[in-house]
Amino acid sequence: QLQLVESGGGLVQPGGSLRLSCVVSGTPLDVTVIGWFRQTPGKGREAVSCISVGDGTTYYADSVAGRFTVSRDAAKNTVYLQMDNLMPEDTATYYCGAHILPVHFCGHYDALEGYIEPWGQGTLVTVSS
């Protein structure tokens with residue numbers, strides 16, 4: 001069974017950087033995409049960035065494009081999210097999740113949500129001075 005474990009969250013000042021890691025273990029079955037999603041209290045979860053396990057195709061939400069970079073290291077079974085120039089509005093709990101749909105579905109979270117399995121436990125990112 002596939003398991004995802006996130007790490008790397010923390011407190012950072014505006015303009016700073018963090019790198020999140022998502023370690024993937026278990027049998028991947030039909031998983032084709034690992035995505036990063038975030039949620040703040042009182043708001044729904046949204047897709048931040050996704051990467052295709054196979055060919056490395058990526059998706060970025062408009063709010064993070066140019067500041068965040070998603071990558072994968074097959075040898076370490078790990079997907080990373082490098083977050084630069086962080087802003088207070090990036091404060092959220094970040095989750096990684098796996099799904100079997102094409103990468104571009106990350107831009108349609110409402111349609112995608114039911115296909116995301118499993119989820120990681122989440123890691124909190126706080127951007128504050």
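All figures in this text were calculated on a predicted structure; none of them were measured in a lab. Residues take their numbers from the sequence shown, with the count starting at 1. Note that these values count all heavy atoms, side chains included, but never hydrogens, waters or copies made by symmetry.
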- With a 4.5 Å heavy-atom cut-off, do Leu112 and Cys106 have their side chains touching? yes

- Atom OH of Tyr95 and atom CZ of Arg45: how far apart are they, to the nearest 0.5 Å? 4.5 Å

- How far does CG of Asn85 sit from OG of Ser17, to the nearest 0.5 angstrom? 8.0 Å

- From Cys22 atom SG to Gln3 atom CD, the distance as rounded to the nearest 0.5 Å: 11.5 Å

- Query: For the residue pair Leu4 and Gln121, what are the closest heavy atoms and their distance?
  - Reply: O-OE1, 3.9 Å

- Query: What heavy-atom pair brings Pro118 and Leu2 nearest, and what distance separates the two atoms?
  - Reply: CG-O, 3.4 Å

- Query: Are Leu20 and Val23 grouped together when hydrophobic residues (ILVMFWY) are joined by side-chain heavy atoms under 4.5 angstrom apart?
  - Reply: no

- Residue pair Cys96 / Glu6: nearest heavy atoms and the distance that separates them: N-OE2, 2.8 Å

- For Ile34 and Ala98, which heavy atoms make the closest approach, and how far apart are they? CD1-CB, 3.7 Å

- Query: What about the rings of Trp36 and Phe68, do their centers lie closer together than 6.0 Å?
  - Reply: no

- Note on the structure: Taken to the nearest 0.5 Å, the spacing of Thr69 OG1 from Leu81 CG works out to 8.0 Å

Could you list the donor-acceptor pairs under 3.5 angstrom formed by side chains in residues 50-59, with sequence neighbours left out?
{"unit_1": "Ser52", "atom_1": "OG", "unit_2": "Gly54", "atom_2": "N", "d": "3.3"}
{"unit_1": "Ser52", "atom_1": "OG", "unit_2": "Asp55", "atom_2": "N", "d": "3.4"}
{"unit_1": "Ser52", "atom_1": "OG", "unit_2": "Asp55", "atom_2": "OD1", "d": "3.0"}
{"unit_1": "Asp55", "atom_1": "OD1", "unit_2": "Thr57", "atom_2": "N", "d": "2.9"}
{"unit_1": "Asp55", "atom_1": "OD1", "unit_2": "Thr57", "atom_2": "OG1", "d": "2.7"}
{"unit_1": "Asp55", "atom_1": "OD2", "unit_2": "Thr57", "atom_2": "OG1", "d": "3.2"}

- Query: Are side-chain heavy atoms of Arg38 and Glu46 found at a separation under 4.5 Å?
  - Reply: yes

- Task: Would you mind reporting whether Arg67 and Asp90 have side-chain heavy atoms less than 4.5 Å apart?
- Result: yes

- Message: Tell me the closest heavy-atom pair linking Ala61 and Ala47, and the distance in Å.
- Response: CB-O, 3.5 Å

- Given the options Lys76, Gln82, Met83, Tyr80 meets side chain to side chain contact (heavy atoms under 4.5 Å, CB included) only with Lys76

Tabulate below the donor-acceptor pairs under 3.5 Å that side-chain atoms of residues 122-129 make, not counting sequence neighbours, or state none.
{"unit_1": "Thr123", "atom_1": "OG1", "unit_2": "Gly9", "atom_2": "N", "d": "3.0"}

- Message: Check for me whether the distance between the ring centres of Tyr109 and Phe37 falls short of 6.0 Å.
- Response: yes

- Heavy-atom side-chain proximity of Thr40 to Thr91 below 4.5 angstrom: no

